[in-house]
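Structure, as C-alpha cells:
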Amino acid sequence: MNAFDDLADRIRAALEGLVRDGRLPPGLPLDSVLVEPPREAAHGEAATNAALLLAKPAGLRPLDLARCLAEALRADPEVVEATAAPPGFVNLRLAPDFWRRRLRDVLALGFDYGRVDLGKGRPVDVEYCSANPTGPLHVGHGRGTVFGDALANLLAYTGWKVTREYYVNDAGAQIETLARSVHLRYREALGEAIGPIPEGLYPGEYLVPVGRALAESEGPRWLGRPEPEWMPLFARRAVEAMLERIKDDLAALGVHHDVFRSERALVEAGEVEAALAFMEQKGLLYTGTLPPPKGKPVEDWEPAPQLLFRATAYGDDTDRPLKRSTGHWTYFAADVAYHMDKWRRGFDRMIDVWGADHAGYVKRLQAAVAAFSDGAATLEIRLCQLVNLLDGGKPLKMSKRAGRIVTLRDVVDEVGKDVFRFMMLTRRNDAPLDFDLVEVTQQSKDNPVFYVQYAHARIRSVFRHAAEQALPRTAAELVDAPLARLEDPAELALVRAVAAWPRTVKAAAEQSEPHRIAFYLQDLAAQFHALWTRGKEVPDLRFLVAEDRPLTLARLALLEAVRTVLATGLALIGVTPVEELH
RNA sequence: GCGCCCGUAGCUCAGCAGGAUAGAGCACGGGAUUCCUAAUCCCGGGGUCACAGGUUCGAAUCCUGUCGGGCGCACCA
C-alpha cells in the first residue's frame, strides 16, 4: 500500500481510538486529514495537520490535541518518534522497515506500483491535437499533443477508460482554400507556369506532391473547369493527403489516437440539425441580434438577427451565434453537435486540449455542454501556452504565411521523440515554454532528459556488472533481498523518494498535470546520482560489494526499484528509457 | 472596454488540497575522479513570492482591488 495512505489510515485509526476513549467528540471530519512529507527534513519523515484541522470542531487547543494524537501514535510499533510541534503539527519518524517495505511492493508490482483506481473504469474522452488538415503539424501543435497524450496515459494508469480522440475540421472555408491551393499545384504539375502563389492560398511546398498525384490519377480533365465541379474531389483528396501526413507525424511522436472524428461526416449525417433541435426543445435557442463586437472596431459590421444559444444562462459573457448571416452553421454549432456526439457515445467526462489562442472559446463550449446535458456531463479544457522555438538562443520565427513554417516533424527528426516529449512537459501547460534546438540536443546536466535517462542507464550499467558476477538481477529474484541492510541516510532518502511515487501519480492525475511526473523523475534521478557519487567517496557505499553478498542483494533490490519507477514514469510521459548513453 | 492566463533568486522555473525557516536548475565562488560511465556529485552567497487590503490559528497558495505582461474578443477556423 501507498506509504502515505497507509499513514493516513493509522492516524485516522488513532483519532478514532481517542473518540472511543471519550477524549475527542464523535463526528469529526477525519477525511480531510492530510499526511505529507514535511518540507523541512528536520521535522521528520511525515507530518500531519490533523490537530490543526480538528482542534476547532473538537473544542480543543491545537497543540493539546497534537500532543494527545502524538501519544496515541506512539503506541504503533512502527512509529519510532511522534512529536507535537507548534502550532499543532504532529511530526513522525517511522521505522526504516516502514519505508523499505515499499521496495518490495515495487519489485512485486513492477509497472503497477503507483497505480490507483481513481477512475473506477469510468469512460473519459481526451481530445488533443485536432489540428486542421491543411498542412503539416508545427511545433505549437506538438506541445498540446504531448500534453494530451501524457494526460491520457496518466488517466488510463489511474483507472479511467480512456479514448484518445482527434477532431478533423474537414469542413468549412479553410478546406476550400486548401482545395484551391491544391488545384493550383495540379495545374503546375500539368506544366502550367503558376507564378507566385496568390494571397489567401496556402503557399507551402507540401502541397506540390498532392497536386502531382492528382495530375497523375486524373489527367488534365479538371483544367479550365468551373470550381464547383472539381471542388469536392480536390477537397477530399487534399484532406486525405494532409491527414495521412499528420498521422505520420503523430506516429513519429509515438502518438496514436483511437478515434478520428470528421466534422464533415458529422454535418452530412445531420447531427448538427439534430443537436440544435434537441437544444431548441429545451428552450436554449432563440433568434436575436447581438450587439457590435467590442475591442477593435469592425468596419463592415451591421446588426442582423441570428439563431443564438443562451450561453449567458450558463456563465458565458454573451449569447453565441449558431448560424451565420449566410444561413450556414457556425463552427460553434458543429462543435456543440460534436460534443453532444461525445456525450451520446457515453462520455460524461470530456477533456479538450487546446492552444491558448482559443481561450476565448472555453466558456461558450462549457456552457453548451452544461446546457444540453443538464449539468450531467463535464467538459474540462486544458490550454497549452505557446512554444518559443529558439536556435542557440535566437528566436526562430514560425510563420505559416511566410512559408517558413518549422514543422513538428523537422524538430522531432532533429532532436528525437523522447527529448521532444520530455521537454514539452518541463513546464506547466499554462506557462509559455522556450525550446532551444541547440540546448536540448546537448548531452549535459543542463538537459533534464539526459539527466533522467542517465540515471536509468547507470542502473542498467550496474546490472551489467552484476551479470558478470553471476548475481541475481530480476525483480523476482531480488524481492526477498535483506532490505534491512539498507542503512545509510542516502540510501534511505532514495527509498523515501520511491515511496513518494504513488502520491505523485495521484496528484498529477487529479489535477490533470502530467508535468508533475517529469519533475518527480528529475528529483528521483537527483537522489540516485547523489548516492552514486557517495559511493565514489565512501567505497562501502558502492552497490556491488564482493565480500558481502546480502548487502549487494539489498542494494540491487533498491536499484531495481528505482529503475522500475523511472521506467514507469518515463512510460507515462511517453519516453523510452535507455540502456546506455553514448 | 471586457474575458481568460501569468507575475516567486541575476536568468529559466517548481511549490502537491492554505502549514513550520519559500525550493531546484542555470549563472557566480570554492571543492571531489586509482573506482560501478565526472554526461555526475558536495559546499556557499543570492528573495519585499508585483503592490495594497481581506478571510484564519496560519496565505506564494483562497477573495477583492491596483499595477505590469501574454492571449482572445460579430459572421471566420
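Within every chain, numbering begins at 1; the chains are lettered A, B, ... in the order of the sequence lines, protein sequences first and strands thereafter.
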Next on the checklist: Quick check for you: among B:rA74, B:rG3, B:rA77, whose closest atom lies nearest to any side-chain atom of A:Gln306?
Outcome noted: B:rA74
Next on the checklist: Would you say the base of B:rA20 stacks on A:Phe89 (centre-to-centre below 5.5 Å, plane angle below 30°)?
Outcome noted: yes
Next on the checklist: For B:rA38 and A:Trp532 - does any side-chain N or O of the residue sit under 4.0 Å from the phosphate oxygens OP1/OP2?
Outcome noted: yes
Next on the checklist: Side chains of A:Asp352 and A:Tyr167 only: does a donor on one sit below 3.5 Å from an acceptor on the other?
Outcome noted: no
Item to check | Ring-base stacking, A:His515 with B:rA14 (5.5 Å, 30° cut-offs) | outcome: no
Item to check | A:Gln385 side chain, from C-beta outward: closest of B:rA38, B:rC5, B:rA17 | outcome: B:rC5
Item to check | SB check A:Asp64 A:Arg67 (cutoff 4.0 Å) | outcome: yes
Checklist entry - Side-chain contact, heavy-atom cut-off 4.5 Å: A:Leu365 with A:Leu379? => result yes
Checklist entry - Rounded to the Å, how far apart are A:Arg143 CZ and B:rC5 C1'? => result 12 Å
Checklist entry - Can you find a heavy atom in the side chain of A:Asn91 that is under 4.5 Å from one in the side chain of A:Glu81? => result no
Checklist entry - NA contact type, A:Pro87, heavy-atom cut-off 4.0 Å: base, sugar-phosphate, or nothing? => result base
Checklist entry - In terms of side-chain heavy atoms of A:Ala431, which of B:rA14, B:rA77, B:rC41 is nearest? => result B:rA14
Next on the checklist: Partner lookup for B:rG46, please. Criteria are Watson-Crick or G-U wobble with both distances under 3.5 angstrom; report none if nothing qualifies.
Outcome noted: none
Next on the checklist: Counting the atoms with a prime plus P, OP1 and OP2 as sugar-phosphate, which does A:Glu510 contact under 4.0 Å by heavy atoms, base, sugar-phosphate, or nothing?
Outcome noted: nothing
Next on the checklist: As a test of reading the structure: which of B:rA77, B:rG3, B:rA74 is closest to the side chain of A:Lys363, going by heavy atoms?
Outcome noted: B:rG3
Checklist entry - Within the structure shown, what part of the strands sits under 4.0 Å from A:Arg534 by heavy-atom distance: base, sugar-phosphate, or nothing? => result nothing
Checklist entry - How many angstroms lie between atom OG1 of A:Thr287 and atom CG of A:Leu322, to the nearest 0.5 angstrom? => result 10.0 Å
Checklist entry - Under 4.0 Å between a Lys/Arg side-chain N and an Asp/Glu carboxylate O for A:Arg102 and A:Asp6? => result yes
Checklist entry - Can you check whether A:Arg458 has a side-chain N or O nearer than 4.0 Å to OP1 or OP2 of B:rC36? => result no
Item to check | Interatomic distance at P, B:rU8 relative to B:rG69, whole Å | outcome: 14 Å
Checklist entry - Tell me: OH of A:Tyr451 to P of B:rC41, nearest whole Å? => result 4 Å
Checklist entry - A:Leu521 CG to B:rA14 C1': how many Å, rounded? => result 14 Å
Next on the checklist: Please classify the nucleic acid contact of A:Lys56 as base, sugar-phosphate, or nothing, using heavy-atom distances under 4.0 Å.
Outcome noted: sugar-phosphate
Item to check | Assigned partner base of B:rU61, Watson-Crick or wobble definition, under 3.5 Å | outcome: none
Checklist entry - Any donor-acceptor pair under 3.5 Å between the side chain of A:Asn91 and the base of B:rA20? => result yes
Item to check | A:Asp548 and A:Arg485: CA distance, side-chain angles, deciding distance, salt bridge (charged side-chain N to carboxylate O under 4.0 Å, His left out) verdict | outcome: CA-CA 10 Å; A:Asp548 193 341; A:Arg485 296 297 305 281; 2.7 Å; yes
Checklist outcome for this item: Among the nucleotides B:rC42, B:rC4, B:rC75, whichever has the atom closest to the side chain of A:Thr330 is B:rC75
Checklist entry - Rounding to a whole Å, what distance do you find between A:Leu425:CG and B:rA14:P? => result 12 Å
Item to check | Partner nucleotide, any strand, of B:rU56 [Watson-Crick/G-U, under 3.5 Å] | outcome: none
Checklist entry - Checking all strands, does A:Asp357 fall into the base, sugar-phosphate, or nothing category for heavy-atom contacts under 4.0 angstrom? => result sugar-phosphate
Item to check | A:Glu580 CD - B:rC36 C1' separation (whole Å) | outcome: 14 Å
Next on the checklist: Any base atoms under 4.0 Å from A:Ala55, or only sugar-phosphate, or nothing? Heavy atoms, all strands.
Outcome noted: nothing
Checklist entry - For B:rG25, which nucleotide is its Watson-Crick or G-U wobble mate, given both distances must be under 3.5 Å? => result B:rC11
Item to check | N or O in side chain of A:Arg428 less than 4.0 angstrom from B:rC16 OP1/OP2 | outcome: no
Checklist entry - Any donor-acceptor pair under 3.5 Å between the side chain of A:Arg503 and the base of B:rC16? => result yes
Next on the checklist: Mind checking if A:Ala85 touches a base, just sugar-phosphate, or nothing, with heavy atoms under 4.0 Å?
Outcome noted: base
Next on the checklist: What's A:Lys323 touching, base or sugar-phosphate or nothing? Going by heavy atoms closer than 4.0 Å.
Outcome noted: nothing
Checklist entry - Would you say the side chain of A:Arg542 and the base of B:rC35 hold a donor-acceptor pair, judged only by whether the two atoms sit under 3.5 Å apart? => result yes
Checklist entry - Rounded to whole angstrom units, what separation is found between the CE atom of A:Met423 and the C1' atom of B:rG25? => result 11 Å
Next on the checklist: Could you check whether A:Arg464 pairs with A:Glu468 (Lys NZ or Arg NE/NH1/NH2 to Asp/Glu carboxylate O, under 4.0 Å)?
Outcome noted: no
Next on the checklist: For A:Asp488, is there an ion pair with A:Arg534 - N to carboxylate O distance below 4.0 angstrom?
Outcome noted: yes
Item to check | B:rC76 phosphate, OP1 or OP2, under 4.0 Å from A:Arg324 side-chain N/O | outcome: yes
Item to check | Nearest to side-chain heavy atoms of A:Asp317, which nucleotide of B:rG3, B:rG19, B:rU40 | outcome: B:rG3
Checklist entry - Within this structure, what is the CG-to-C1' distance between A:Leu54 and B:rG19, rounded to whole angstrom? => result 14 Å
Item to check | Residue mapping more 5' on RNA chain B - nearest nucleotide basis, A:Val33 or A:Asn169 | outcome: A:Val33
Item to check | Proximity to the side chain of A:Arg427 - top-ranked nucleotide from B:rA74, B:rC13, B:rC41 | outcome: B:rC13
Next on the checklist: If I take atom CZ in residue A:Arg61 and atom P in nucleotide B:rG58, what distance separates them, rounded to the nearest angstrom?
Outcome noted: 15 Å
Checklist outcome for this item: When A:Gly535 and A:Gly360 are each assigned the nearest nucleotide of RNA chain B, the 5'-most assignment goes to A:Gly535
Checklist entry - How far, in whole Å, is B:rG15 from B:rG1 if one measures between their P atoms? => result 32 Å
Item to check | Any strand: nucleotide that pairs with B:rC2 via Watson-Crick or wobble, under 3.5 Å | outcome: B:rG72
